[in-house]
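Heads up: the structure comes next, in structure tokens.
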Amino acid sequence: MHDEPAGRREPRAGAVLAGLATLAYAWWAAGLAPFSLGATVAVVGAGLVAIAAGGRARRPAPRRVTVRQAAPWIVLALAAGAVQLASFVQAPRDDHPTISSLTNALLDSQPARAAALACWLALAVELARR
Amino acid sequence: MTAGLTLAAYAAVVVAAVALEVAARRREAPGFGEVLAAALRIRPVRVALLAGWLWLGWHVFVRVDWQ
């Protein structure tokens, strides 16, 4: 009665399949030994594939943004970088946590790592599309 | 105490980002996504941001000694 045209249904099915494949891949990659060549290839390789995929489906050019309009965001990015750098150069780490030392605690389990890795890959696609 | 100060600084950055985004939407000024999209159209910035994103993934998911 209200069948969707095939052209609309296929991209949705493709997106679901891609999402499931990404989750399965992320689960596998999150279980690899840290600091290993295999983990490096699995993570960086998947990131490169995600960037390439996003780059093939670029969004239309955004409206022009002047430096003045972007200034508040640039200042905020510099402030965030300064906080991170100030923590990074100080010790002990427990007193001066960096973003990665905080995320390490959150990503202690394989399910959490797999979910975070899948999100990182999805954001890589989205970044490359812009 | 020092850890608390650092965490407060990170939280302040997050709160400022949310406030900036809300203010941008009210004034129809460019929000984070638009500024990011505009920055990504500048080739050297695009290369640096995408390379930084790859490095972040490697740093967070590979260079960590899981318990």
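The structure displayed is predicted, hence computed values, not measured ones. Every chain is numbered from 1, with letters handed out A, B, ... down the list of sequences.
- Both B:Leu7 and A:Ile99 belong to a single network of hydrophobic side chains, linked directly or stepwise wherever heavy atoms of I, L, V, M, F, W or Y lie under 4.5 Å apart.
- The part of A:Ser87 that comes within reach of chain B is its side chain, from C-beta onward, which places non-hydrogen atoms under 4.5 angstrom from that chain.
- When the candidates A:Ala70, A:Pro97, A:Ala39 are compared by the number of heavy-atom contacts under 4.5 Å with chain B, A:Pro97 comes out ahead.
- Contact count against chain B (heavy-atom pairs under 4.5 Å) is highest for A:Gln84 among A:Glu126, A:Gln90, A:Gln84, A:Arg129.
- Between the side chain of A:Arg63 and the main chain of B:Glu34, no donor-acceptor pair closer than 3.5 Å is present.
- Under a hydrophobic clustering in which Ile, Leu, Val, Met, Phe, Trp and Tyr are joined whenever their side-chain heavy atoms come within less than 4.5 Å, directly or via other members, B:Trp53 and A:Leu117 fall into the same cluster.
- Counting heavy-atom pairs closer than 4.5 Å to chain A, the top-ranked of the candidates B:Ala16, B:Ala24, B:Ala17, B:Ala9 is B:Ala17.
- Considering only heavy atoms from C-beta on, A:Ile74 stays 4.5 Å or farther from B:Val35 through its side chain.
- Using a 4.5 Å cut-off between heavy atoms, B:Ala29 contacts chain A through its backbone alone, with no side-chain atom that close.
- Residue A:Gln110: no heavy atom, backbone or side chain, is found under 4.5 Å from chain B.
- Distance check: B:Leu56 CG to A:Thr103 OG1 gives 8.0 Å after rounding to the nearest 0.5 Å.
- In this structure, chain B has no heavy atom under 4.5 Å from any part of A:Leu121.
- Open room surrounds CZ on B:Phe32; 12 or fewer heavy atoms of other groups in view lie less than 6.0 Å from it.
- The hydrophobic cluster containing B:Trp58 also contains A:Ile51, counting ILVMFWY residues as joined when their side-chain heavy atoms lie under 4.5 angstrom apart, directly or transitively.
- Heavy-atom pairs under 4.5 Å with chain B were tallied for A:Thr40, A:Leu48, A:Thr98, A:Val44; the largest tally goes to A:Thr40.
- Distance check, rounded to the nearest 0.5 Å: CG of A:Asp94 to OG1 of B:Thr2 gives 11.0 Å.
- Both the backbone and the side chain of A:Leu127 have a heavy atom closer than 4.5 Å to some heavy atom of chain B.
- In this structure, chain B has heavy atoms under 4.5 Å from both the backbone and the side chain of A:Ala116.
- Note on A:Ala50, A:Ala79, A:Pro72: by heavy-atom pairs under 4.5 Å with chain B, the leading option is A:Pro72.
- In this structure, B:Leu36 and A:Trp73 have side chains that are not in contact, with every pair of non-hydrogen atoms separated by 4.5 Å or more.
- Contact record, B:Leu40 with A:Arg130: CD1-CB, 3.7 Å, taken as the closest heavy-atom pair.
- For a residue to count as touching a neighbouring chain, one of its non-hydrogen atoms must lie under 4.5 Å from one of that chain's; by this rule A:Ala29 does not touch chain B.
- Residues B:Trp55 and A:Leu123 fall within the same hydrophobic cluster, defined by Ile, Leu, Val, Met, Phe, Trp and Tyr side chains chained together at heavy-atom separations under 4.5 Å.
- Looking at A:Thr66, there are no atoms closer than 4.5 Å to chain B (heavy atoms on both sides), in backbone or side chain.
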Step by step, work out the side chain to side chain contact (heavy atoms under 4.5 Å, CB included) result for B:Val60 and A:Val43. CA-CA 10 Å; B:Val60 170; A:Val43 170; over 6 Å; no
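- B:Tyr10 OH: more than 12 foreign heavy atoms inside a 6.0 Å radius.
- Shown here for A:Leu76 and B:Val13, the closest heavy-atom pair between the two residues is CD1-O, 3.9 Å.
- Within residues 41-51 of chain B, the residues that have a heavy atom under 4.5 Å from a heavy atom of chain A are B:Arg41, B:Arg46, B:Leu50, listed by number.
- Heavy-atom pairs under 4.5 Å with chain A were tallied for B:Gly33, B:Ala23, B:Pro30; the largest tally goes to B:Pro30.
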